[in-house]
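Okay, structure first, notes after.
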Amino acid sequence: MYALIDCNNFYVSCERIFRSDLINKPVVVLSNNDGCIIARSNEVKQLGVPMGAPLFQYRTLLEKYHTTIFSSNYQLYADISRRIMMLIKQYAPCMEVYSIDEAFIQFESRTDYFAFASHLKKIIKQWIGVPVSIGIAPTKTLAKAANYVAKNNTSNGIYICLSKQISLLLKQVPLSEIWGVGRNMLEQFKRAGITTSLNLQQRCSHQIQKKYGVVYQKLVMELKGQSFLPLENIQPKQKIMSSRSFSYEIIHFHELAEAIANFISTATKKARSQKSMATGLQVFVRTNRFNQKSPQYRNFIEMNFDTPTNDTGHLIHIAKQLLKQIYREGYRYKKAGVSLTGLIHESAVQHQLLPCIMPAPRKRLRQLLDNINQKQGRNAVYFASQGNHRTWMPNCNCRSPRYTTQWNELYLVDATY
DNA sequence: TCTGGGGTCCTAGGACCC
DNA sequence: TCTGGGGTCCTAGGACCC
């Protein structure tokens, strides 16, 4: 059997840990640059505010209901997530961390599913402060569906589906909510007369495979109760991306280059932390696609290396050369980013026959930089090309304190002393 | 005025091999 | 006019996820 443990309105719940005054009050969390609404409390969902909606379209409505608005605080959310996952792991060693707010666990059949789920739910609320929903079923896809019912159709946030009860479960889950059915497939299925989860479950999996491919064959088998998707281990990323929308539209090359240098710094740091080297680099820029009045331009360039690297300085240099090739004067750039591609493990690097371009001292330098930044805080030391002011950095005007990861932002219990 | 930032997998088709 | 029968690897694009 599988269980899916999913945090309720995760980012909002993280904010509420330290703001108990906001429980049962409308709360939203915004994307980078304070652009879109990416997490909503139940009160806000009930107002009809959709996921991913631009803030400016709903600001009046939110203000009318005295909604508390937060910029995103990823350091906080990542730390809370880490604590929850560690706690779950104590109860269920066979575990897959599926996303920042979801984990699958697998266990042998037992008789006390409900007691087990209730205990887990209670302990996570008590120790961490985050409410979760738990769905239990014979396959991962069905556990996802059970979690949907747990969240929406139950009062205790737990739903258990045994093998014989699959039809009863699927009757409560719209096809659009089935894991793996996106907007496109929903349309395609609809044209084939498949409009409900049960319709899809009852189709012959071979015919589904012929028409839609092996992905959807597995999906149908999973809906029938036959497990095809195993728990997966955390794999090193195959590519690492870093990009941002700017707080204003950038015109000058040097500002764009400064932003790109920062993206390289972020991406290479991630690559080093998973002991990966990049064999390729992509750089892209684009103007504001929503501002149809100003001329539009977007471009992308990539380069592959003979010698894999994760050296920040080296990659900043290359990225700047690439940026020169796609930068055009006269445009107003709103977004840019980089991707490290073809990542391979350090130990798998094939060295060149001819002298390596990356002498050993660079490796020591990289380690030193990472160590200092680890101890002293992000960007305690950085490359000059990353700039000092970074005025282009996305807005985050309503970010809460990073209560659990920054000494100077600790939760203040009493300020009298 | 204001519109996020990441990822994965699969398939079809072309280039190339013997 | 006639023109084999296998393979592999790579890439672009399309689908999905949070």
Please tell me if A:Ser245 has a side-chain N or O lying less than 4.0 Å from either OP1 or OP2 of B:dG5. yes
Using only heavy-atom distances, determine whether the side chains of A:Thr404 and A:Asp79 contain a donor-acceptor pair under 3.5 Å. yes
Those residues of residues 226-242 of chain A lying under 4.0 Å from DNA chain B by at least one heavy atom: A:Lys237, A:Gln238, A:Lys239, A:Ile240, A:Met241, A:Ser242
Pair A:Glu249 + A:Lys335: basic N to acidic O under 4.0 Å: no
Hunt down the Watson-Crick or G-U wobble partner of B:dC18, both distances under 3.5 Å, from any strand shown, or write none. C:dG5
Establish, with yes or no, whether the OP1 or OP2 oxygen of B:dG4 is under 4.0 angstrom from a side-chain nitrogen or oxygen of A:Ser243. no
5'-most by nearest nucleotide on DNA chain B - A:Gly35 or A:Gln209: A:Gly35
Does a side-chain N or O of A:Arg289 approach OP1 or OP2 of B:dG4 to a distance below 4.0 Å, or not? yes
Within the 3.5 Å criterion, strictly below it, is a donor on A:Ser71 or A:Asp34 matched to an acceptor on the partner's side chain? yes
Would you please test A:Lys140 and A:Leu4 for side-chain contact (heavy atoms from CB on, under 4.5 Å) and show each step? CA-CA 8 Å; A:Lys140 284 169 80 175; A:Leu4 176 67; over 6 Å; no
Does NZ or CZ of A:Arg332 fall inside the cone over A:Phe246's six-membered ring, less than 6.0 Å from its centre and within 45° of the axis? no
Pairs: protein N or O with nucleotides 15-18 of chain C N or O, under 3.5 Å:
residue	atom	partner	partner atom	Å
C:dC16	OP1	A:Gly182	N	3.0
C:dC16	OP1	A:Gly182	O	3.1
C:dC16	OP1	A:Asn184	N	3.3
C:dC16	OP1	A:Met185	N	2.8
C:dC17	OP1	A:Gly180	N	3.0
C:dC18	OP1	A:Lys144	NZ	2.7
C:dC18	O3'	A:Asp101	OD1	3.4
C:dC18	O3'	A:Glu102	OE2	3.0

Would A:Lys144 and A:Glu177 pass as an ion pair if we require N to O under 4.0 Å? no
Do A:Tyr148 and A:Tyr159 have their ring centres less than 6.0 Å from each other? no
Taking only the side-chain nitrogens and oxygens of A:Arg244, find out if one of them lies under 4.0 Å from OP1 or OP2 of B:dG6. yes
So which one's nearest nucleotide on DNA chain B is more toward 5', A:Ser31 or A:Val214? A:Ser31
